[in-house]
Amino acid sequence: MSQISLTFPDGNTRDYDAGVTPADIASSISNSLAKKAISATVNGQHFDLQWPITEDAAIAIHTMKDEAQALELIRHDAAHIMARAVQEIWPEVKVTIGPVIENGWYYDFDRDAPFTPEDLGQIEAKMKEIINRRDPVTTEIWDRTRAVKHYEANHEPYKVELVGMIPEGQPIRMYWHGHWQDLCRGPHLQHTGQVPADAFKLMKVAGAYWRGDSDRPMLQRIYGVAFQNRDQLKKYLHFLEEAEKRDHRRLGREMNLFHMQEEAPGQVFWHPNGWHIYTALQDYMRRQQTRGGYVEVNTPQVVDRKLWEASGHWDKYQDNMFIVEVDEDHAREKAINALKPMNCPCHVQIFNQGLKSYRDLPLRMAEFGSCARYEPSGALHGIMRVRGFTQDDAHIFCTEAQIEAETAKFIEFLAAIYADLGFHDWTIKLSTRPEKRIGSDESWDRVEKALGDACNKAGYAFDVLEGEGAFYGPKLEFTLTDAIGRDWQCGTLQVDPNLPERLDATFVAEDGAKHRPVMLHRAVLGSFERFIGILIEEHAGKLPFWLAPRQVVVASIVSDADTYVREVVAALTAAGVRAEADTRNEKINYKVREHSVGKVPVILAIGLKEVEDRTVTLRRLGEKQTRVIALDEVIAELSLEATPPDLA
RNA sequence: GCCGCAGUAGCUCAGUGGUAGAGCGCACCCUUGGUAAGGGUGAGGUCGGGAGUUCAAUCCUCCCCUGCGGCACCA
């Protein structure tokens with residue numbers, strides 16, 4: 001038998017017979033390692049202890065202390081154990097796939113009756129039983145015919161399909177957890193008892209299309225989470241509770257920011273408190289855009305279909321548009337209009353007024369554009385995914401040669417805004433040419449390079465998403481990570497030579513001839529609605545002072561202080577601070593509690609002492625400590641704090 | 001749009017084949033209290049909408065709407 005040479009993480013190499021398994025190697029090192037080993041990494045591939053190694057390789061043996069590998073195996077085995085549990089309880093249920101996902105796994109089943117919450121409990125109990133049996137996990141490679149025959153005989157059509165999808169030359173691997181068999185690329189643990197019985201939980205059942213295709217059958221997906229131990233599971237469940245407390249829908253109600261109702265699904269009724277956030281953010285963005293060399297415009301809401309036909313939206317986007325038919329009784333002639341889902345065609349109309357010179361470029365045209373999109377009902381989510389929204393939209397009309405400089409300028413523009421808004425952790429993704437596209441490869445080459453170079457020039461790294469660009473051009477996406485680790489794609493910059501072409505935008509160049517400009521669609525926040533939702537969740541409702549809808553409540557302790565309370569409120573208001581009086585007949589404890597729950601950042605308590613000394617007692621949200629401070633001083637302090645970051 | 005679940009007072013939720021309850025909130029009264037809920041009294045509901053079964057429907061059945069969790073979607 002031939003020999004192979006294996007290199008260990010410490011740099012030592014040892015020779016073994018070809019076909020040796022990581023399990024053999026662990027045994028050859030020590031008994032304790034043989035017991036503790038769970039898997040190996042062989043030439044970068046996560047390897048089952050039972051798989052033979054056939055060539056020289058770098059190898060590292062993993063134990064439960066290697067968290068990444070341990071969690072992957074635990075979750076993957078849990079998925080199999082769950083599928084087995086389901087089939088032990090309901091043998092007629094058909095199995096499909098069950099991958100590991102963040103924090104756990106899911107498994108999709110085909111079953112007529114829906115799984116109920118009680119079913120989940122039953123499955124969980126059965127899983128624990130299987131874990132306690134400590135059934136061995138074994139594996140074999142089968143040939144395709146045998147695998148297909150096996151699954152046909154067992155009435156598992158989805159598995160037959162999966163076997164058929166495995167490319168020629170790749171092994172068709174079977175795994176057994178005890179008697180229960182599943183097609184699986186592995187790796188797995190060595191016996192079911194290695195999955196901690198007290199550190200997993202089945203979370204929910206949901207529908208999911210077979211192979212993610214909405215034309216194929218809807219399956220039932222059971223989600224589970226699993227960790228190495230009970231404490232980690234508890235911690236995760238606690239995290240979920242915390243995330244729920246940040247839910248913008250709940251905080252929106254509690255802070256009286258906005259509401260939604262069924263007469264206007266997917267649209268926001270902004271209350272005074274919420275509208276303060278909105279206008280503060282919009283005022284800030286308007287100042288930034290002015291500073292960034294943009295001109296602001298405003299364009300119609302209801303636009304005749306002719307323009308949408310010309311722009312191409314009527315063809316490609318109609319399902320997402322609100323169509324408005326004007327009745328003949330009310331209009332001179334019957335017209336079909338659409339609410340604008342995007343601002344770009346209208347911006348081209350403004351560009352097309354008068355003759356543009358190359359001297360006008362780049363022309364940066366911004367609009368807080370109210371758009372309406374008929375989003376699928378299932379997509380709606382609070383104020384994050386809505387049917388009526390306002391974008392911080394702009395289109396930069398420029399030449400191809402100006403794309404790089406304009407993009408670099410935009411990245412710096414966006415970075416400054418994210419920093420002001422408290423987001424420092426964000427990334428750029430460059431989406432490149434898709435398969436179905438227009439334009440020459442040379443032009444794609446140039447424009448993709450321009451975007452990449454612009455990122456480098458601005459000093460930011462980027463990831464590439466191959467083939468994810470729009471059909472007419474590549475784009476940059478800017479994704480920020482929030483306080484609890486969730487990603488939100490907000491900013492975007494998209495190169496578009498198509499729309500100027502379709503809507504016949506031109507400028508006169510130095511050569512005296514008419515040329516086609518390129519458009520850069522770009523946004524920093526995306527939509528105000530969604531971004532405010534993100535801000536609320538980011539801060540768990542405790543917005544930065546300058547954005548907080550209610551900044552200060554001045555609360556009387558005794559009613560003899562009411563006159564002074566009103567004086568303090570008036571002085572703060574005059575100094576540009578949003579202040580309100582609370583002179584209700586309630587105890588200070590009650591007022592403090594209520595305004596703390598309402599996330600008011602500053603409470604000024606006023607009793608007879610403060611009236612006497614012309615002071616206030618200041619209490620900040622979340623702090624127990626209070627501070628007595630002179631009226632003039634507190635006005636100066638809070639007025640400074642109320643100043644937006646770009647004006648401070 | 002698809003699968004599943006849900007819709008009862010402003011909010012959170014309980015409940016019943018004979019038109020309904022709690023806590024908080026709200027109103028009024030007492031209380032003037034020093035930093036996360038002082039006490040009392042009271043008002044408030046076409047039980048999401050429509051149809052059906054029934055002597056009788058908030059409850060059972062069907063359709064619709066909206067929401068929630070996923071999936072699909074996000075030119």
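Lettering follows sequence order; numbering is per chain, from 1.
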Would you list the protein and nucleotides 3-6 of chain B atom pairs, both N or O, that sit under 3.5 Å from each other?
{"unit_1": "B/C3", "atom_1": "O2", "unit_2": "A/Gly207", "atom_2": "N", "d": "3.3"}

Dump the pairs, protein N or O against N or O of nucleotides 22-28 of chain B, anything under 3.5 Å, distances to one decimal.
{"unit_1": "B/G25", "atom_1": "OP1", "unit_2": "A/Tyr590", "atom_2": "OH", "d": "3.2"}

Pairs: protein N or O with nucleotides 10-13 of chain B N or O, under 3.5 Å:
{"unit_1": "B/C11", "atom_1": "O3'", "unit_2": "A/Arg253", "atom_2": "NE", "d": "3.4"}
{"unit_1": "B/U12", "atom_1": "OP1", "unit_2": "A/Arg253", "atom_2": "NH2", "d": "3.2"}

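Counting non-hydrogen atoms under 4.0 angstrom, A/Thr116 reaches nothing in the nucleic acid. Using a 4.0 Å heavy-atom cutoff across all strands shown, A/Ala605 reaches at least one base atom of the nucleic acid. At the heavy-atom level, A/Glu623 lies nowhere under 4.0 Å from the strands shown. In this structure, A/Met260 reaches neither bases nor backbone, as no heavy-atom distance under 4.0 Å exists between it and the strands shown. As judged by a 4.0 angstrom heavy-atom cut-off over every strand, A/His595 is placed among residues making no nucleic acid contact. No engagement by A/Ile606 is indicated, since no non-hydrogen atom pair under 4.0 Å with the nucleic acid exists. Among the heavy atoms of the strands lying under 4.0 Å from A/Gly382 are primed sugar atoms or P, OP1, OP2 only; no base atom is included. Counting non-hydrogen atoms under 4.0 angstrom, A/Arg620 reaches nothing in the nucleic acid. Looking at heavy-atom distances under 4.0 Å, A/Gly212 makes contact with sugar-phosphate atoms alone, never a base.
Other residues, nucleotides and ligands contribute over 12 non-hydrogen atoms within 6.0 Å of the CD atom of A/Glu92. By the neighbour-count criterion of 12 heavy atoms within 6.0 Å, atom CD of A/Gln261 is densely surrounded, having more than that number from other residues, nucleotides or ligands.
The interatomic distance linking A/Glu612 (CD) with B/G34 (C1') rounds to 16 Å, in whole Å. The distance from atom NZ of A/Lys591 to atom C1' of B/U32 is 10 Å, rounded to the nearest whole Å. Note: CD (A/Glu610) to P (B/U32) measures 19 Å, nearest angstrom. A/Ile603 has its CD1 atom 9 Å from the P atom of B/A36, to the nearest Å. When rounded to the nearest whole Å, the span between CZ of A/Arg619 and P of B/U35 equals 9 Å.
Using modelled atom types, one finds no donor on one side chain facing an acceptor on the other under 3.5 Å when comparing A/Gln220 with A/Asp110. Between the side chains of A/Gln349 and A/Thr299, no donor-acceptor pair of N or O atoms lies under 3.5 Å. No donor-acceptor contact under 3.5 angstrom links the side chains of A/Glu538 and A/Trp488, judged on distance only.
Judged by atom type and distance alone, A/Glu375 does not reach the base of B/G1 through any side-chain donor-acceptor pair under 3.5 Å. Side-chain N/O atoms of A/Tyr209 and base N/O atoms of B/G70 include no donor-acceptor pair closer than 3.5 Å. Between the side chain of A/Thr626 and the base of B/U35, no donor-acceptor pair under 3.5 Å is found. Evaluation of atom-type donor-acceptor distances gives no pair under 3.5 Å for the side chain of A/Arg216 against the base of B/C2.
Judged by the 6.0 Å and 45° rule, A/Lys316 forms a cation-pi pair with A/Phe471.
Distances from the side chain of A/Glu262 to the nucleotides B/U32, B/U66, B/G1 place B/U66 closest. For A/Pro376, whose side chain is taken as the heavy atoms from C-beta onward, the closest listed nucleotide among B/A36, B/G70, B/G1 is B/G1. Taking the side chain of A/Ala379 as heavy atoms from C-beta on, and the options B/G69, B/C73, B/U35, the nearest nucleotide is B/C73. When each of B/A75, B/U32, B/C74 is scored by its nearest atom to the side-chain atoms of A/Ser559, the top-ranked nucleotide is B/U32. Considering only side-chain atoms of A/Phe471, the nucleotide from B/G1, B/G33, B/A75 that sits closest is B/A75. Comparing B/A37, B/G34, B/G67 by their closest approach to the side chain of A/Pro265 singles out B/G67.
Rounded to whole Å, the P atom of B/G21 lies 13 Å from the corresponding atom of B/A43. With both ends at atom C1', the span from B/G42 to B/A57 equals 31 Å, rounded to whole Å. Spacing of C1' atoms, B/G15 relative to B/U58, comes out at 10 Å, to the nearest Å. B/U54 and B/U61: their C1' atoms are spaced 12 Å apart (whole Å). Going from the C1' atom of B/G45 to that of B/C3 covers 33 Å, rounded to whole Å.
Considering only residues two or more places apart in sequence or on other chains, A/His76 meets the side-chain hydrogen bond (donor to acceptor under 3.5 Å, both in side chains) condition with none of them.
Map A/Lys587 and A/Leu380 each onto its nearest nucleotide of RNA chain B; the residue landing nearer the 5' end is A/Lys587. Taking for each of A/Gly378 and A/Met342 the nucleotide of RNA chain B with the nearest heavy atom, the 5'-most of the two is the partner of A/Gly378.
Using a 4.0 Å cut-off between charged side-chain N and carboxylate O, A/Glu367 and A/Lys340 make a salt bridge. Here A/Lys475 does not pair with A/Glu448 in a salt bridge; the nearest charged N to carboxylate O distance is not below 4.0 Å. Using a cutoff of 4.0 Å between basic side-chain nitrogens and carboxylate oxygens, A/Lys245 and A/Glu537 are not scored as salt-bridged. A salt bridge between A/Arg221 and A/Asp108 is present, with a side-chain N of the basic residue lying under 4.0 Å from a carboxylate O of the acidic one.
Across every non-hydrogen atom of A/Tyr564 and A/Thr615, the tightest pair is OH-O, 3.0 Å.
Using cut-offs of 30° and 60° for the angle between ring planes, the A/Tyr236 and A/Phe227 rings count as tilted. Classification of the A/Phe258-A/Trp270 ring pair by plane angle, with boundaries at 30° and 60°, yields perpendicular. Using a 30° and 60° split on the angle between ring planes, A/His539 and A/Phe423 fall in the tilted class, from 30° to 60°. Relative orientation of the A/Tyr107 and A/His80 rings is perpendicular, given thresholds of 30° and 60° on the angle between their planes.
OP1 and OP2 of B/C74 both lie 4.0 Å or more from every side-chain N or O belonging to A/Arg530. Within the 4.0 Å cut-off from OP1 or OP2 of B/C71, not a single side-chain nitrogen or oxygen of A/Tyr106 is found.
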Per-pair distances, 0.1 Å, donor-acceptor, side chain in residues 117-124 of chain A, under 3.5 Å, sequence neighbours excluded:
{"unit_1": "A/Glu118", "atom_1": "OE1", "unit_2": "A/Thr116", "atom_2": "OG1", "d": "3.4"}
{"unit_1": "A/Asp119", "atom_1": "OD1", "unit_2": "A/Thr116", "atom_2": "OG1", "d": "3.4"}
{"unit_1": "A/Asp119", "atom_1": "OD2", "unit_2": "A/Arg111", "atom_2": "NH1", "d": "3.3"}
{"unit_1": "A/Asp119", "atom_1": "OD2", "unit_2": "A/Thr116", "atom_2": "N", "d": "2.9"}
{"unit_1": "A/Asp119", "atom_1": "OD2", "unit_2": "A/Thr116", "atom_2": "OG1", "d": "3.3"}
{"unit_1": "A/Glu124", "atom_1": "OE2", "unit_2": "A/Leu202", "atom_2": "N", "d": "2.9"}

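In RNA chain B, the stems built from three or more successive Watson-Crick or G-U pairs (distances below 3.5 Å) are B:1-7 with B:65-71, B:10-13 with B:21-24, B:26-30 with B:38-42, B:48-52 with B:60-64.
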